[in-house]
Amino acid sequence: MSGRMIVAGASLGGLRAAEQLRAAGWTGGVTVIGDEPHPPYNRPPLSKEVLAGKASFDSLAFTPKASATDVEWRLGTRIVSARLAGRTVELDDGAVLSYDGLVVATGMRPRRLRCPGPVAGRHTVRTIDDAQVLRDALTRPGVRVVVVGAGFIGCEVAATAVGLGAAEVTVVDPLPLPMVAPLGEPIARELRRRHEERGVRFVLGAGVAGFEGGNRVTGVVLADGSVLPADVVVESVGSVANTEWLEGNGLDLSDGVLTDGQLRVGGRPDVVAVGDVARFPNARYDGVPRRVEHWSVPTDSAKHAAKVLVAGDAGPAPFAPLPTFWSDQHDFRLQSFGAPVLGLGDVRVLDGHLSGDVLVGYHRDGLLVGVVALGGPSAARTAARYRAELLKQPALTSQGALS
């Protein structure tokens with residue numbers, strides 16, 4: 001089997017795609033192109049263990065499977081454009097590479113606030129380099145931290161900053177509760193209580209209008225004109241898909257890269273997308289394409305997409321993953337299986353109680369679509385038992401629930 005597969009993106013999705021192309025039987029060339037100079041590494045610990053100094057940056061690196069040791073890696077290189085009709089990509093050094101198959105795995109980058117004021121002292125957490133700079137800032141004595149955004153990353157960074165001994169940690173968000181959009185009100189209220197009990201302050205229902213300071217940030221100006229003193233600001237306000245290089249090919253890039261149920265892009269058999277840049281319909285639930293920014297998705301999607309790319313039209317059944325995520329904050333963990341966001345209208349406590357170890361179920365049309373555990377190891381083990389139940393359920397569309 002000759003020719004070349006190009007994998008655009010050298011993070012977890014790109015690594016798994018390269019490995020799975022070999023597993024699917026591709027014996028031709030595989031070239032992985034990524035804009036970071038680092039080999040693929042594990043991102044979730046950046047906002048937790050690594051930022052807290054409990055794990056080294058060196059420990060993040062993934063070890064490729066033996067079958068993928070012949071893969072060509074072009075790191076510190078960015079793809080600037082693609083011509084899908086001609087099967088070529090252009091790199092930032094002017095080189096043009098042809099391909100027989102293309103894997104889109106360029107992922108996301110942090111969204112930044114467009115507010116007046118200084119830039120120095122404002123941080124994001126996406127790369128090793130981001131985390132190194134932020135860790136140095138958080139370990140200064142008496143530091144005052146303002147985290148903008150009460151989502152997963154924002155709450156993880158707030159918890160880490162408290163653990164590092166920050167003098168003040170404040171989380172600002174326009175929504176009424178932390179993580180309420182993906183988890184619903186019961187869990188969100190309990191998360192707020194636990195964070196506040198451990199020293200995090202929340203300013204909710206508030207927007208950011210700008211930043212005070214000369215060369216560096218000294219304060220965060222809220223929409224009502226009040227100012228929060230800040231030595232360090234962490235912006236955790238969502239992500240932007242890295243899809244600019246695909247423009248001009250007639251694709252739907254409105255929210256990541258739209259794919260079909262086989263992860264094919266634009267109806268082409270020679271282009272697939274994997275990881276959190278892919279907006280795909282999950283056959284387990286319904287036909288609505290969604291992006292899923294969970295750690296399990298790069299591996300699951302790479303395995304499916306590689307088979308599709310190598311097999312062509314004779315691909316596997318439609319992609320139907322069971323999303324999985326976890327989030328460590330302070331001394332407790334959130335563990336989830338399934339799609340809680342699809343069942344926010346019917347949230348029930350399945351085991352335990354909200355003030356301790358608890359398992360919450362999310363239902364749509366009376367059917368369990370996701371579970372979230374909050375607490376210690378026993379809660380996570382209970383959630384894992386429900387994982388098997390969720391996997392056994394037939395697709396909701398086949399039951400007429402979401403059709």
Side-chain angles (χ1 to χ4, degrees), residues 5-21 30-36 38 40-44 46 62 74-75 77-82 84 89-92 99 101-112 124-127 130 151-153 182 237-268 270-282 288-306 308-309 319 321 323-325 339 341:
M5 297 286 190
I6 287 181
V7 180
S11 191
L12 175 59
L15 171 63
R16 295 294 183 247
E19 294 171 341
Q20 290 300 322
L21 285 168
V30 177
T31 300
V32 183
I33 303 166
D35 59 357
E36 284 193 68
H38 310 287
Y41 59 89
N42 197 14
R43 294 187 192 275
L46 291 177
F62 290 115
R74 295 197 179 192
L75 301 176
T77 302
R78 187 168 58 91
I79 299 178
V80 296
S81 65
L84 301 189
V89 296
E90 181 181 355
L91 309 185
D92 55 4
Y99 62 81
L102 175 66
V103 180
V104 178
T106 40
M108 314 295 291
R109 64 181 182 273
R111 189 183 300 279
R112 301 306 300 261
T124 60
V125 186
R126 177 68 182 181
T127 69
D130 292 338
F152 289 101
I153 299 299
V237 291
S239 303
V240 178
N242 295 316
T243 57
E244 291 85 356
W245 62 282
L246 287 167
E247 292 175 355
N249 288 285
L251 304 177
D252 183 341
L253 305 177
S254 57
D255 179 19
V257 181
L258 178 65
T259 79
D260 64 12
Q262 297 287 13
L263 300 177
R264 291 176 294 215
V265 175
R268 303 188 62 90
D270 56 340
V271 184
V272 294
V274 305
D276 50 11
V277 75
R279 178 161 51 101
F280 60 89
N282 188 335
V288 179
R290 301 179 180 89
R291 287 191 310 100
V292 183
E293 296 186 35
H294 292 340
W295 192 85
S296 62
V297 171
T299 298
D300 292 342
S301 58
K303 185 175 182 178
H304 188 95
V308 170
L309 200 56
F319 190 44
T324 302
F325 74 78
V341 72

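Residue numbers start at 1 and run along the sequence shown.
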State, with a plain yes or no, whether a side-chain heavy atom of [X] is found less than 4.5 Å away from one of [Y].
X      : Y      : value
Asn42  : Phe62  : yes
Leu12  : Arg43  : no
Ser301 : Leu263 : yes
Ile6   : Val89  : yes

Output the distance between atom [atom1] ([X]) and atom [atom2] ([Y]), rounded to the nearest 0.5 Å.
X      : Y      : atom1 : atom2 : value
Leu309 : Gln20  : CG    : CD    : 12.5 Å
Tyr99  : Met5   : OH    : CE    : 11.0 Å
Asp35  : Trp245 : CG    : CH2   : 11.5 Å
Ile79  : Leu102 : CD1   : CG    : 7.0 Å
Tyr41  : Thr127 : OH    : OG1   : 5.0 Å
Asp130 : Thr124 : CG    : OG1   : 4.0 Å

Legend entry - Among Asp252, Asp255, Thr259, side chain to side chain donor-acceptor pair (under 3.5 Å) partner for Arg279: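 Of the listed options, the one satisfying the test is Asp252.
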
Inset, instruction - Give the ring-plane orientation class for Phe152 versus Phe325, where under 30° counts as parallel, over 60° as perpendicular and anything between as tilted. - result: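 Ring orientation, 0 to 90° scale: perpendicular.
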
Taking all heavy atoms of [X] and all of [Y], pick out the closest pair and write down the distance.
X      : Y      : answer
Ala105 : Gly14  : CB-N, 3.9 Å
Ala305 : Val274 : CB-CG1, 3.5 Å
Pro298 : Arg16  : O-CB, 4.3 Å
Leu251 : Gly266 : CD2-CA, 3.8 Å
Ala17  : Val7   : CB-CG1, 4.2 Å
Ala241 : Gly256 : CB-CA, 3.6 Å

Inset, instruction - With side chain to side chain contact (heavy atoms under 4.5 Å, CB included) as the test, would you mind laying out the steps for Gln262 and His304 before giving the verdict? - result: CA-CA 8 Å; Gln262 297 287 13; His304 188 95; 2.7 Å; yes

Legend entry - Step-by-step side chain to side chain contact (heavy atoms under 4.5 Å, CB included) determination, Arg74 to Leu91: CA-CA 10 Å; Arg74 295 197 179 192; Leu91 309 185; 3.5 Å; yes

Inset, instruction - Verify, without hydrogens or angle tests, whether Asn282 (side chain) and Pro321 (backbone) share a donor-acceptor contact under 3.5 angstrom. - result: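 Yes; judged by distance alone, with no hydrogens or angles, the pair exists.
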
Inset, instruction - Kindly say whether Val277 contributes a backbone atom to a donor-acceptor pair with the side chain of Arg291 at under 3.5 angstrom? - result: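 The answer is no, because no donor-acceptor pair under 3.5 Å joins these two groups.
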
Inset, instruction - Check the side chains of Ser239 and Arg126 for a donor-acceptor pair under 3.5 angstrom, ignoring hydrogens and angles. - result: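 Result is no, nothing qualifies.
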
